[in-house]
Amino acid sequence: MSTSQQPDPKDRPARLTVGVVGAGRVGPALAASLQLAGHRPVAVSGVSDASRRRAAQLLPDVPLMTPADVLGSAELVLLTVPDDTLPDLVAGLAETGAVRPGQLLVHTSGRYGAKVLDPALRAGALPLALHPAMTFTGTPVDVQRLAGCSFGVTAPDELRLAAEALVIEMGGEPEWIAEDMRPLYHAALALGANHLVTLVAQSMELLRAAGVEAPDRMLGPLLGAALDNALRSGDTALTGPVARGDAGTVAAHINELRKHAPATVAGYLAMARATADRALAHGLLKPELAEDLLGVLADSTKGDAG
């Protein structure tokens with residue numbers, strides 16, 4: 001759904017008081033975005049000094065409260081806590097009577113759908129799962145980045161319009177994810193975004209070791225082009241020695257990595273094997289070249305095991 005397709009006024013949520021439970025990198029940014037749409041943040045909870053600083057920066061003058069008091073103050077509550085913490089938090093809030101009937105309760109976990117909020121649902125809350133598919137810095141720049149950001153949305157059918165309207169008000173684009181597909185959806189995002197950071201960081205370290213003074217400047221245009229090509233063309237954008245079947249070059253890479261950065265060898269081998277499989281499947285890697293390449297990767301794996 002495009003942000004240009006605004007919901008019918010009767011489907012837009014009324015201006016709401018907003019609370020945040022968990023002032024990590026996500027919650028204050030979402031609340032600040034809702035504030036720009038006319039909603040009113042009234043309470044936030046945060047334990048660490050860093051979370052309190054984030055709340056003060058993104059939600060100035062919004063008082064810090066306990067999670068129970070946040071629920072007691074707000075009509076729309078954002079539960080922006082780590083995935084593993086969420087089920088116990090929801091159960092505890094429901095058991096203590098903090099959840100109020102008719103309250104919109106939104107979590108931002110990618111892993112979970114709406115069912116994790118079932119204890120709150122039984123207490124009369126309206127459950128929504130709205131996961132922004134973006135990495136957050138915990139600074140005001142996050143609010144700007146929400147423009148055009150996709151959100152994985154899961155909610156009961158009767159709340160679908162309200163969920164989508166909230167996402168659009170934050171500048172995002174809703175993408176409906178079925179309840180049973182949430183873990184796969186989240187795994188896909190982690191595979192792409194989280195592992196990308198690791199790969200880029202390792203690449204910069206290796207370039208520094210090779211004497212490159214500004215690895216970020218060198219990698220920026222290359223990785224930007226690679227990402228754009230991959231998003232446009234998928235596997236047909238594959239380039240490099242693995243896709244070409246240059247077994248000798250790959251063997252030289254592995255030897256150098258063993259000398260200078262042995263911790264990166266396992267990751268290189270795993271990605272090279274995955275790249276070879278995809279290049280073969282799409283006709284980019286010639287079968288006669290693949291044999292030598294796969295032999296190098298297999299021998300290197302045995303070397304690691306030994």
Side-chain angles (χ1 to χ4, degrees), residues 3 24-26 28-30 32-33 50 54 57-58 110 131-152 170-173 175 185-246 248-279 282 284-285 293 297:
T3 52
R25 296 183 179 185
V26 178
L30 297 188
S33 295
R54 278 190 290 267
Q57 183 179 28
L58 286 162
H131 174 251
M134 188 182 81
T135 58
F136 286 77
T137 63
T139 66
V141 71
D142 296 332
V143 180
Q144 302 169 19
R145 288 179 176 173
L146 284 172
C149 169
S150 291
F151 278 66
M170 287 185 281
E173 300 200 15
E175 185 72 39
Y185 152 80
H186 195 224
L189 295 180
L191 182 65
N194 301 158
H195 296 174
L196 176 63
V197 174
T198 301
L199 289 172
V200 172
Q202 287 183 340
S203 182
M204 288 199 295
E205 288 175 356
L206 294 171
L207 286 171
R208 288 192 191 96
V212 175
E213 293 185 0
D216 54 340
R217 189 166 65 237
M218 177 176 282
L219 285 174
L222 173 65
L223 298 185
L227 177 60
D228 184 64
N229 291 342
L231 292 174
R232 290 174 183 272
S233 305
D235 288 295
T236 60
L238 280 171
T239 62
V242 173
R244 291 192 299 266
D246 292 341
T249 298
V250 171
H253 288 177
I254 295 167
N255 287 336
E256 288 303 301
L257 292 177
R258 288 194 197 285
K259 293 178 187 175
H260 299 286
T264 67
V265 173
Y268 182 97
L269 290 172
M271 291 305 299
R273 284 193 296 270
T275 301
D277 289 344
R278 299 188 76 90
H282 288 81
L284 302 173
L285 175 58
L293 174 67
L297 296 176

Evaluate the salt bridge (charged side-chain N to carboxylate O under 4.0 Å, His left out) criterion for residues E256 and K259: first the C-alpha distance (whole Å), next the side-chain angles of each, then the deciding distance (0.1 Å), finally the verdict. CA-CA 5 Å; E256 288 303 301; K259 293 178 187 175; 3.4 Å; yes
Show every donor-acceptor pair shorter than 3.5 Å between a side-chain atom in residues 186-203 and any protein atom, with sequence neighbours excluded, or say none if there are none.
none

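With values rounded to the nearest 0.5 angstrom, H260 atom NE2 is found 10.5 Å from N255 atom CG. Taken to the nearest 0.5 Å, the CG atom of L222 stands 11.0 Å off from the CG atom of L227.
Residue G24 comes nearest to R54 through the heavy atom pair O-NE, 3.0 Å, listed as atom of the first residue, atom of the second, then distance. Nearest heavy atoms, L146 versus P132: CD2-CB, 4.4 Å. For the pair S233 and T236, the tightest heavy-atom approach, listed with the atom from each and the gap, is O-OG1, 2.7 Å. Contact record, D142 with M134: O-CE, 3.8 Å, taken as the closest heavy-atom pair. The shortest heavy-atom contact between T264 and A261 is OG1-O, 2.7 Å. The nearest pair of heavy atoms linking Y185 to A133 is OH-CB, 4.4 Å.
For A230, there are no side-chain contact (heavy atoms from CB on, under 4.5 Å) partners two or more places apart in sequence or in a different chain. Take R273 and apply the side-chain contact (heavy atoms from CB on, under 4.5 Å) test, not counting sequence neighbours, and it matches L269, A270, L297, T301. Listed by chain and residue number, nothing satisfies the ring pair (Phe, Tyr, Trp, His ring centres under 6.0 Å) test with F136 (two or more places apart in sequence, or in another chain). T249 is linked by a side-chain contact (heavy atoms from CB on, under 4.5 Å) to P241, D246, H253, counting only residues two or more places apart in sequence or in another chain.
In terms of modelled atom types and a separation under 3.5 Å, the side chain of D228 and the main chain of G224 share no donor-acceptor contact.
At a threshold of 4.5 Å between non-hydrogen side-chain atoms, the residues L285 and R244 do not count as touching. Counting heavy atoms from C-beta on, the side chains of V212 and L206 never come closer than 4.5 Å. Residues C149 and E173 have side chains not in contact (no heavy-atom distance under 4.5 Å, counting atoms from C-beta outward). Between T137 and R145 there is a side-chain heavy-atom pair separated by less than 4.5 Å.
Within the structure, the side chain to side chain donor-acceptor pair (under 3.5 Å) test picks out no pair touching residues 210-227 (sequence neighbours left out).
In R278, the CZ atom is not crowded: 12 or fewer heavy atoms of neighbouring residues, nucleotides or ligands sit closer than 6.0 Å.
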